[in-house]
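Take this structure first; my questions come after.
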Amino acid sequence: MKHEKVDRHELENESGQSLVLVALLMVGMVAFLGLLIDGGRDYAVRRQSQNASDASAFAGARQLTSRTSNSASEEQNILNAINTFALANGAASTSDVQAYFINSGSNQVGSQIGLNGGIPGSATGIKVNVTIRFNPFLMGVVGGASSVSSQTTAAAQSGQPAFEDHLLPMTLKDQSFNYNQNYQLFGNVTGSGGFQWLSFDCASSNPDLISYLAVNPTQSSGIVNVGDFICSGPGVQNSSEVNSVLDQWAALATPQMRYWTIPVYDYTTGNGSGLKYHIVSFAEFEFDGFNFNGSNKFVQGKFVKYGKLGHVQVPGSCNMTGANICGISLFQ
């Protein structure tokens, strides 16, 4: 059998080539691992930044809807709400947060929030930019980058809600009310349906009223849209069951627990048991008590200014007087 002689220098050359290949593979693996780490962190930080933008924009819009004036102090309250939620969601400092008022066309109005000296009259929403930074692995080693920034934007608009659900079976006519002032509602004097009780399923009866009116209702109003017609409910229904349900509401511990979201109407159609209310908005009513004795019967409470998450039909300025609640939507 013939044996071939292997040159020692050839073996050394092959060994050297293998080392180069291993080194190149190691560099590739480190680069790939670095990209995975940096890419994963960039995605996580961007998600955190977007959460901070969303939360702070909504908080600012919520504060905008509950304002009672356009003063500089109210502008500062909005800025404080924005910064609080941005910091709570990962922003390192308030210098990483820039917020602006926007109008119904989503265009910026005025200067950066906190520098206007008051809220612009055309402001209907809030736009927020939040920047969060992180220290990269690969880009730090290769490029010398000490930090990478991830900036996101969110905007929230306010305006008339297009719909609401979980409504209480009572309505009132669209008119001007002062917030946090006691009112006694006497019912609709132009049609049937004492106290403007409603029947969402058009079954005008005492048990039907109680099923919607109970603190823990057995029936839901479902979604009621602006423009819907709702059937009139029963009359005063001065029964022990209705009194008992209203007593339960009156006994709830805090005012917020006694909030009723109710629809607001502008006109009625039909008459008698066929009376229907045309819904144009919604209001938040703090139930305080009732009196069904004698001829002076009433339901008593306050209208409270309230902004709630919901679908905004048409962005617009929220009223600073009146009964209508304001809807808020994130849209960017």
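Starting from 1, each residue takes its place in the sequence as its number. We use all heavy atoms of the structure for the numbers below, so side chains are in, but hydrogens, waters and symmetry mates are not.
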Start with the C-alpha distance between Q98 and Q112, add both sets of side-chain angles, then the distance that settles side-chain hydrogen bond (donor to acceptor under 3.5 Å, both in side chains), and finish with yes or no.
CA-CA 7 Å; Q98 294 84 41; Q112 189 171 323; 5.8 Å; no
With a 4.5 Å heavy-atom cut-off, do V280 and Y265 have their side chains touching?
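V280 vs Y265: side chains apart.
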Return each pair, listed once, that meets salt bridge (charged side-chain N to carboxylate O under 4.0 Å, His left out) where at least one residue sits in residues 249-278; pairs must be two or more places apart or across chains.
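Residue pairs with at least one partner in residues 249-278: R258-E286, R258-D288.
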Spacing of CD1 belonging to I279 relative to OH belonging to Y277, to within rounding of 0.5 Å:
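Between atom CD1 of I279 and atom OH of Y277 there are 9.0 Å.
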Quick check for you: to the nearest 0.5 Å, what is the distance between M170 atom CE and L198 atom CG?
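Interatomic distance, M170 CE to L198 CG, rounded to 0.5 Å: 9.0 Å.
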For Y100, what are the other residues in its hydrophobic cluster, where any two members join if their side-chain heavy atoms are less than 4.5 angstrom apart?
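Members alongside Y100: none; it stands by itself.
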May I ask you to test the I119-F101 pair for a side-chain heavy-atom distance under 4.5 Å?
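The answer is yes, as the side chains (C-beta and beyond) meet within the 4.5 Å cut-off.
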Got a donor-acceptor contact below 3.5 angstrom from the N116 side chain to the G118 backbone?
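Side chain of N116 to backbone of G118, a donor-acceptor pair under 3.5 Å: no, none is there.
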Starting from the C-alpha separation in whole Å, work towards a yes-or-no answer on side chain to side chain contact (heavy atoms under 4.5 Å, CB included) for Y212 and S220.
CA-CA 6 Å; Y212 291 113; S220 170; 5.8 Å; no
Of all the heavy-atom pairs spanning D54 and A154, show the shortest one and how long it is.
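It is OD1-CB, 3.2 Å.
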Out of the candidates L87, V128, V130, only one should pair with I82 under the side chain to side chain contact (heavy atoms under 4.5 Å, CB included) rule; please name it.
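Result: among L87, V128, V130, V128 is the only option passing the side chain to side chain contact (heavy atoms under 4.5 Å, CB included) with I82.
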side-chain hydrogen bond (donor to acceptor under 3.5 Å, both in side chains) between T261 and E284: does it pass, once the steps are laid out?
CA-CA 5 Å; T261 303; E284 204 74 4; 2.7 Å; yes
N89: what forms a side-chain hydrogen bond (donor to acceptor under 3.5 Å, both in side chains) with it, not counting sequence neighbours?
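Partners of N89 by the side-chain hydrogen bond (donor to acceptor under 3.5 Å, both in side chains) criterion come out as none, since no residue qualifies.
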Centre-to-centre under 6.0 Å for F229 and H278, is that the case here?
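Yes: the rings meet the under 6.0 Å criterion.
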Strictly by modelled atom types, are D96 and T94 linked by a side-chain donor-acceptor pair under 3.5 Å?
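Result is no, nothing qualifies.
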So do the side chains of P169 and F200 get within less than 4.5 Å of each other, counting heavy atoms only?
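Yes - at least one pair of side-chain heavy atoms lies under 4.5 Å apart.
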Atom pair OG/CD1 of S221 and I230 - distance to nearest 0.5 Å
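Between S221 OG and I230 CD1, I get 7.5 Å after rounding to 0.5 Å.
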Would L246 and L213 count as a side chain to side chain contact (heavy atoms under 4.5 Å, CB included) if you check the C-alpha gap in whole Å, the side-chain angles of each, and the deciding distance to 0.1 Å?
CA-CA 8 Å; L246 293 176; L213 187 61; 3.9 Å; yes
If only atom types and distance count, is the side chain of Q48 paired as donor or acceptor with the main-chain N or O of R46 below 3.5 Å?
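No: the side chain of Q48 does not pair with the backbone of R46.
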Below 4.5 Å, heavy atoms only, C-beta onward: do I102 and I126 meet side chain to side chain?
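I102 vs I126: side chains apart.
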Side chains of Q157 and T124: closer than 4.5 Å at any heavy-atom pair?
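In contact.
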Once you measure the plane-to-plane angle for W249 and F287, does it fall in the parallel (<30°), tilted (30-60°) or perpendicular (>60°) bin?
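Perpendicular.
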Atom of Q248, atom of V215 and distance for their closest heavy-atom approach:
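Scanning both residues, the minimum pair turns out to be CB-CG2, 3.8 Å.
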S56 side chain vs A86 backbone, donor-acceptor pair below 3.5 Å:
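It does not hold such a pair.
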Under the criterion side chain to side chain contact (heavy atoms under 4.5 Å, CB included), I'd like the reasoning laid out for E164 against I223: C-alpha separation, chi angles, the key distance, then a yes or no.
CA-CA 6 Å; E164 290 291 346; I223 292 176; over 6 Å; no
So, does S104 use its side chain to make a donor-acceptor pair with the main chain of G316 at under 3.5 Å?
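Here the side-chain-to-backbone pair does not exist.
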Less than 4.5 Å apart, any side-chain heavy atom of L185 and any of F285?
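Counting from C-beta outward, L185 and F285 do come under 4.5 Å.
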Using modelled atom types and a 3.5 Å cut-off, is there a donor and acceptor pairing between side-chain atoms of Q160 and backbone atoms of C326?
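No; judged by distance alone, with no hydrogens or angles, the pair does not exist.
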So, the side chain of T171 versus the backbone of P263: is there a donor-acceptor pair under 3.5 Å, distance only?
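Yes; judged by distance alone, with no hydrogens or angles, the pair exists.
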Taking all non-hydrogen atoms of both residues, which atom of S199 and which atom of D208 are closest, and how far apart?
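Scanning both residues completely, I find the closest heavy atoms to be OG-OD2, 2.9 Å.
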Would you find a donor on one side and an acceptor on the other, under 3.5 Å apart, between the side chain of S53 and the backbone of S49?
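Checking the backbone N and O of S49 against the side chain of S53, a donor-acceptor pair under 3.5 Å is found.
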Keeping the roles fixed (side chain from D228, backbone from N225), state whether a donor-acceptor pair exists under 3.5 Å.
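Yes; judged by distance alone, with no hydrogens or angles, the pair exists.
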Check step by step if side chain to side chain contact (heavy atoms under 4.5 Å, CB included) holds for V242 and I210.
CA-CA 6 Å; V242 173; I210 295 169; 4.0 Å; yes
Please find the pair of heavy atoms, one from A156 and one from I328, that lie closest to each other, and give the distance.
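Minimum heavy-atom separation between A156 and I328: CB-CG2, 4.2 Å.
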Value rounded to 0.5 Å, distance of CZ in R67 from CZ in R62
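R67 atom CZ to R62 atom CZ measures 14.5 Å (nearest 0.5 Å).
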Side chains of V264 and F282: does their closest heavy-atom pair fall under 4.5 Å?
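Answer no - side chains too far apart.
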So, the side chain of N271 versus the backbone of L275: is there a donor-acceptor pair under 3.5 Å, distance only?
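Here the side-chain-to-backbone pair does not exist.
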At their closest point, which heavy atom of G114 faces which heavy atom of E75, and how far apart are they?
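Shortest heavy-atom contact: N-OE2, 2.8 Å.
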Of all heavy-atom pairs between A214 and V245, which one has the smallest distance, and what is that distance?
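Closest approach of A214 to V245: CA-CG1, 3.6 Å.
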Just by distance, do the side chain of Y183 and the backbone of N178 share a donor-acceptor pair under 3.5 Å?
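Present.
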Verdict with supporting geometry, E74 and N70, side-chain hydrogen bond (donor to acceptor under 3.5 Å, both in side chains)
CA-CA 6 Å; E74 290 282 14; N70 287 329; over 6 Å; no
Return the CD1 to CG distance between I132 and N51, rounded to the nearest 0.5 Å.
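Between atom CD1 of I132 and atom CG of N51 there are 8.5 Å.
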For residues L209 and W260: do they belong to one hydrophobic cluster (side chain heavy atoms under 4.5 Å, members Ile, Leu, Val, Met, Phe, Trp, Tyr)?
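As far as the 4.5 Å side-chain criterion goes, W260 and L209 are connected within one cluster.
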In terms of hydrophobic clusters joined by side-chain contacts under 4.5 Å, are L252 and Y259 together?
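Not linked; separate clusters.
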Say whether V299 and L172 are linked into one hydrophobic cluster, either directly or through other cluster members, by side-chain heavy-atom distances under 4.5 angstrom.
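Same hydrophobic cluster.
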Side chains of S122 and V109, heavy atoms from C-beta outward: is any pair under 4.5 Å?
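Yes, at least one pair of side-chain atoms sits under 4.5 Å.
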Check the pair T131 / N129 against side-chain hydrogen bond (donor to acceptor under 3.5 Å, both in side chains), numbers first and verdict last.
CA-CA 7 Å; T131 301; N129 301 320; over 6 Å; no
Enter the distance from N80:CG to I113:CD1 here, rounded to the nearest 0.5 Å.
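Atom-to-atom, N80:CG and I113:CD1 are 11.0 Å apart.
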